[in-house]
Amino acid sequence: MTITIGVLALQGDVREHRTALESAGARTVGVRRPEELAQVDGLVLPGGESTTIDKLLRIFELDEPLRARIAEGLPVYGSCAGMILLADRILGGTADQRTIGGLDVTVRRNAFGRQVDSFETDLAVAGLPGDERPVHAVFIRAPWVEDVGPGVEVLARIPDASTPGIPHAAAGRIVAVQQGPLLATSFHPEISGDARVHERFVQIAKG
Ligand code: GLN
């Protein structure tokens with residue numbers, strides 16, 4: 001069975017997600033309109049700038065249709081800004097910033113601090129298909145998950161503070177979670193050429 005995964009195409013790194021999803025065996029479509037959203041079996045919310053994507057979701061009148069589909073059980077994978085959009089609660093957002101919600105977590109936006117805008121590290125991520133190799137995770141002005149509700153499974157944490165480039169306060173922070181059909185990562189697996197996170201999402205979307 002080939003399924004169709006939409007990639008929200010308002011802003012952010014849409015092309016990279018489509019490539020990773022296609023190598024995981026899905027058909028992909030860019031989503032900008034409610035009619036396109038209605039046709040997908042799952043949706044990726046890409047990284048970018050969550051405040052901008054929030055505004056565009058409202059302008060394109062996709063926010064309420066997306067909340068409705070999430071409430072019906074649509075599988076959604078949010079990466080970085082996409083994780084922020086999926087979170088029920090946000091710390092460090094702008095005054096008028098809203099999220100779509102659905103995922104019972106609190107995220108802290110731009111959590112890793114100014115001195116470390118970006119870093120890369122190898123991360124153990126639970127439950128990926130294939131092998132046990134760590135994921136090479138790229139973090140770009142990334143959020144972390146500050147706390148999770150009881151139905152949320154933690155898939156990955158920052159290993160320890162002794163890794164070069166990783167701020168001390170980041171040790172042990174949660175950076176990948178799943179709650180039923182909702183998957184979220186602080187990092188960008190779509191740019192490191194390893195499609196296993198996308199494969200897991202395609203499996204989730206196939207049910
Ligand atoms: N800092 C961005 C935000 O708040 C997220 C960055 C990203 O998606 N790479 O939306």
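Every number for a ligand or one of its atoms is a count from 1 in the order of the listing. Basis for what follows: all heavy atoms, side chains included, without hydrogens, waters or symmetry-related copies. All values derive from a computational prediction rather than experimental measurement.
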Would you tell me which option among Gly47, Ala142, Gly48 has the nearest heavy-atom contact to atom 6 (C) of ligand 1? Gly48

Could you tell me whether Ile140 and ligand 1 have an N or O pair separated by under 3.5 Å? yes

Between His188 and ligand 1, is there a nitrogen or oxygen pair with a distance under 3.5 Å? yes

Basic-acidic side-chain contact under 4.0 Å: Asp122, Arg133: no

Below 4.0 angstrom, N of the basic side chain to O of the carboxylate: do Arg196 and Glu132 qualify? no

What are the atoms of ligand 1, with element, lying closer than 4.0 Å to any heavy atom of [X]?
X      : answer
Glu49  : 2 (C), 3 (C), 4 (O), 10 (O)
Ile84  : 3 (C), 4 (O), 10 (O)
Ser50  : 3 (C), 4 (O), 10 (O)
Arg141 : 1 (N), 2 (C), 5 (C), 6 (C)

Closest protein heavy atom to [atom], given as residue, atom name and distance to 0.1 Å:
atom                   : result
atom 7 (C) of ligand 1 : Cys80 SG, 2.8 Å
atom 1 (N) of ligand 1 : Asn110 OD1, 2.6 Å
atom 4 (O) of ligand 1 : Arg109 NE, 2.6 Å

Tell me, with the steps shown, if Tyr77 and Leu45 meet side-chain contact (heavy atoms from CB on, under 4.5 Å). CA-CA 6 Å; Tyr77 166 41; Leu45 304 178; over 6 Å; no

Would a hydrophobic clustering, with Ile, Leu, Val, Met, Phe, Trp and Tyr connected at side-chain separations under 4.5 Å, put Leu21 with Val197? yes

Does Ile100 share a hydrophobic cluster with Leu183, counting links as ILVMFWY side-chain heavy atoms below 4.5 Å and allowing steps through other members? no

Applying side-chain contact (heavy atoms from CB on, under 4.5 Å) to Ile5 and His17, what does each step give before you reach the verdict? CA-CA 10 Å; Ile5 305 289; His17 280 288; over 6 Å; no

In terms of heavy-atom contacts, Val175 and Phe187 come closest through O-CE2, 3.7 Å

